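Note: hydrogens, waters and symmetry copies are ignored here, and every other heavy atom, side chains too, is used. Protein chains get the first letters and strands the later ones, always in sequence-line order, with residue 1 at the start of each. These numbers come from a predicted model, not from an experiment.
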There are 2 protein chains.
Amino acid sequence: MAGVSPATVSNVLTGRRVRAESAQRVKEAASSLGYAVDRAASQLRSGRARVVAMLVPSLENPFFTSIVAAVERRLRTDDHDLVVASAADDVATEHSRLQALLSWRPAGMIVIPCTDDFAGASLLAAAGTPYVVLDRVGGAHSADTVAVDNVTAGLEAARHLIDLGHRRLLIVASARTLSNIKLRCKGIVEACAAAGLEEPALIEVGFDLESAVDRLQTWLSTHERPSGIIALTNFATLGALASLARFSVSIPGEVSLVGFDDYAWMRAAAPSITAIRQPVEAMAELVWDRLRARIDGDSSPVVQAMLPVSLVIRASTARCQTGDPAAGLPGQGLRRPSRTGGRQREQGTGRGAKA
Amino acid sequence: MAGVSPATVSNVLTGRRVRAESAQRVKEAASSLGYAVDRAASQLRSGRARVVAMLVPSLENPFFTSIVAAVERRLRTDDHDLVVASAADDVATEHSRLQALLSWRPAGMIVIPCTDDFAGASLLAAAGTPYVVLDRVGGAHSADTVAVDNVTAGLEAARHLIDLGHRRLLIVASARTLSNIKLRCKGIVEACAAAGLEEPALIEVGFDLESAVDRLQTWLSTHERPSGIIALTNFATLGALASLARFSVSIPGEVSLVGFDDYAWMRAAAPSITAIRQPVEAMAELVWDRLRARIDGDSSPVVQAMLPVSLVIRASTARCQTGDPAAGLPGQGLRRPSRTGGRQREQGTGRGAKA
DNA sequence: TTGTAGGCGTTATCAG
DNA sequence: CTGATAACGCCTACAA
C-alpha cells in the first residue's frame with residue numbers, strides 16, 4: 001500500500017534510518033490499516049522479546065497488584081509488555097504458571113515466590129532466562145534480589161510503640177513461615193530487647209478474614225490485653241482492626257495499632273492507621289533496572305538490594321494509657337480516640353489547611 | 001532426545017493420538033529438558049492464540065484488579081493465558097495500549113473502557129478480534145457487553161436509606177460523566193421520587209483522595225448536613241469516610257453511609273460499611289463465556305448482559321436520628337454508633353457464634 | 001536507501 | 001501411528 005518493500009516497512013517500524021518520505025507513507029498506511037507488527041512473528045525471527053513475565057503469589061493482595069501496576073508503568077516507558085501470572089498462593093500452581101510464562105520466551109522475569117525456597121529457580125536457570133527475585137527473598141538465591149529492609153521495618157514499628165510508653169506488645173502475622181515475617185519479628189524483638197522488654201507474643205491468623213478474627217478473639221479473651229499491636233502484613237492489619245472493632249476496643253485509647261503496607265483505606269479509616277509503608281515505586285524501578293541490565297548481558301556478580309521502609313504516623317497510635325509506671329506520663333484519663341491528636345504527624349488525608 | 005521426529009513431539013504436546021510409548025518418552029524428555037512449546041512459533045504456524053488480552057482503565061483500583069484476578073482464574077482452567085494492559089485512566093494511553101495488545105494477535109479481548117464511547121472499537125473491528133466490553137457499557141456497542149444493573153444498584157441503596165427514615169440524601173461520586181454513575185444516580189432519583197423526596201444533591205470528588213476530602217469538606221461546611229450518604233464508587237466511599245472522620249461525624253449516629261464495591265477493609269472498618277457488592281466472579285465467568293463463544297465462531301446477535309448487584313447491610317447505616325417527623329420513630333436519643341446494632345444483618349466479620 | 005532471499009520453531013498436510 | 005516437508009509473518013543479511 002505504501003509502494004515499498006516489506007523490508008522497508010520493517011525498517012520504518014523498527015525505527016531504522018529510512019528516507020523520510022517513504023517512512024511517512026509507511027506510517028500513514030499502517031495507521032489507516034490499523035496495522036501493527038505481529039509480536040509472535042517478530043520475536044520468532046529476531047530472537048528478541050520485549051516481553052517481561054511476572055509471577056506473583058496472588059492478584060488479590062493489593063501489595064502485589066500495586067507492584068504489578070508500578071512495574072507495568074516502568075516497562076511501558078521502555079516499550080516492553082508485561083505478562084502476569086498468579087500462583088494462587090500454591091506452589092504447584094506456581095510451578096505450572098512458571099512453565100506457562102516460560103513458553104512466552106520472555107526477555108526476563110520478575111518473581112515474587114510463594115515460599116522462601118523458590119523451586120522454580122532451576123527451571124529458569126535451565127531456560128537461561130534472566131530473572132530477579134522480588135520481595136520474598138528467603139532462601140539462597142543465585143539471582144539478583146530486591147527486597148525491603150524487614151528487620152528495620154519491625155524495629156521501627158516496635159520502637160515507635162515503645163517510645164509511646166507501650167510495654168505489652170502483640171505481633172499479628174498471617175503466617176510465620178515466610179522469612180519476611182521472621183525478619184520483621186527479629187526487628188521487633190531487637191527493639192524490645194534494647195528497651196529491656198521481653199519478646200512479645202506472636203499470633204498467626206492465616207489468610208482468611210473470618211478465621212483471622214476468630215483466632216484473634218480467642219487469643220485476646222484468654223490473655224492479658226496488649227497495649228500495642230503490630231500487624232505484619234496488610235491482611236493482618238485488617239484482621240486486627242476487625243477484631244478490635246468486635247471487642248469494641250478503642251484505638252488508640254485502649255490499644256495502639258501499627259499496620260503494614262500503606263493503602264488509601266488506612267488514611268480514610270477512623271482512626272487513620274499508623275503503618276509501615278513499603279516503597280513500591282522504588283522496588284519496581286530497581287527490579288527493572290537490574291533485570292534490564294541482565295537482559296543486556298550484564299554478568300557482574302548478583303546483587304541483593306535492600307530498600308528502606310518508612311513509618312507513617314497517623315492516629316492509630318498514641319501514648320500508652322494503661323498507667324504502667326514505666327510508661328511515662330500517666331494518662332489524662334481515658335482520652336477518646338481523637339483524629340487530631342498530638343501524635344499524628346501526617347496531616348490526615350487532606351492538606352489540612354482549612355481543617 | 002526421544003528418538004522421534006519433531007512432528008511426533010508436536011502431536012504429543014498438543015494432545016493428539018500418539019502411541020503410548022512414544023508419548024511417554026517425549027514427555028520424559030520434555031520435562032527433563034524443561035522444554036515447553038514456544039508460544040510465538042506455535043501461534044504463528046497454527047493461527048490459534050490461546051491468549052486473551054484485557055485492557056483496564058487502571059491497575060490501582062481494586063475493583064479492576066479483582067476482575068482481572070477472576071478472569072485470570074477462569075482462563076487458566078481453559079488453558080488460556082492473559083495479557084493485561086492498563087490505560088492509566090487516559091484515552092491516549094488506552095489507544096496505544098490497545099495497539100500493543102493487538103500486536104499479540106490475541107484470540108479475543110476484554111475491554112473495560114476509560115470512557116463511555118470506546119474509541120478503540122474500530123481498531124478491534126478492523127483487526128477482526130472478537131471482544132467483549134465489560135462494566136463500562138456506556139455508548140452504543142456493536143459487541144457483546146457485560147455489566148451490572150446500575151439503576152437497581154442505586155435504587156436499592158437509596159431505598160435502604162429511605163426505609164431507615166432518611167430524607168436528606170447526598171450522593172458522592174468520583175466523576176459524573178460515566179454512564180455507570182449516571183445510571184446509579186437515576187436509580188437513586190427513582191427511589192427518592194417514589195418516596196416523595198426531591199432529587200438529592202450530587203458532589204463530584206475526582207480521583208485524588210486529598211482533593212476529594214477537600215471538596216467534600218467544603219460542601220459539607222456550606223450546606224445543611226445530609227443524614228444519609230451514598231458513595232457511588234469504592235473510591236468515593238473512601239473519600240466520604242475520610243471526610244466524615246475529619247469532621248468527627250459519627251457513623252451511623254449522625255450520618256448513615258452506603259458504600260460501593262465490597263472489600264475486606266469495609267468489613268474491618270469501625271463501623272463496618274454497608275455496601276453495594278458487585279458480582280465480580282459472575283462477571284468474569286460471563287464475560288469469558290461470551291468471549292469464548294465468539295472465538296469459537298458464534299455469530300448470533302450481540303447480547304448485552306446485565307448482572308444484579310447485592311446490598312450488604314452492615315453497621316454504617318442505621319435509622320435516621322434527626323427527629324424529622326416524617327422519619328418514623330423519633331430517636332431514642334443520640335445512640336452511640338454500635339457495631340452490634342439492630343440494622344446489621346450481616347454477622348460482622350466473623351461467624352460470630354461466640355461473640 | 002531499497003529490494004530479495006532465507007530461516008526462526010512450530011504445526012498442517014500428506015505420504016509411508 | 002509416524003515422518004518429511006512446507007508455510008505461518010517477520011526480520012536480518014546482503015546485494016543492488
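- A salt bridge links A/R73 to A/E281: at least one charged side-chain nitrogen sits closer than 4.0 Å to a carboxylate oxygen.
- Counting only residues at least two apart or on different chains, the salt bridge (Lys or Arg N to Asp or Glu O under 4.0 Å) pairs with a member in residues 41-52 of chain B are B/R50-B/D79.
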Salt bridge (charged side-chain N to carboxylate O under 4.0 Å, His left out) between B/R97 and A/E72, worked out: CA-CA 11 Å; B/R97 299 310 289 155; A/E72 205 252 7; 3.5 Å; yes
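- Salt-bridge formation is detected for the pair B/D78/B/R292: a Lys NZ or Arg NE/NH1/NH2 atom is positioned less than 4.0 Å from an Asp or Glu carboxylate oxygen.
- Among all heavy-atom pairs drawn from A/P62 and A/Y263, the shortest one is C-OH, 3.3 Å.
- Comparing the axis of the opening five pairs of the helix from C/dT1-D/dA16 to C/dG16-D/dC1 with that of the closing five pairs yields an angle of 30°, rounded to 10°.
- Under 4.0 angstrom from either OP1 or OP2 of C/dT2 there lies no side-chain N or O belonging to A/T8.
- Under 4.0 angstrom from either OP1 or OP2 of C/dT2 there lies at least one side-chain N or O belonging to A/S22.
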Nucleotides 7-16 of chain D: protein proximity per nucleotide (B base, S sugar-phosphate only, - neither; heavy atom, under 4.0 Å): BBBBBS----
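- Ring planes of A/W104 and B/W104: perpendicular class, angle over 60° (limits at 30 and 60°).
- Using a 4.0 Å cut-off between charged nitrogen and carboxylate oxygen, B/D81 and B/R76 do not count as a salt-bridge pair.
- Considering all non-hydrogen atoms of both residues, B/D135 and B/A147 come closest at O-CB, 4.0 Å.
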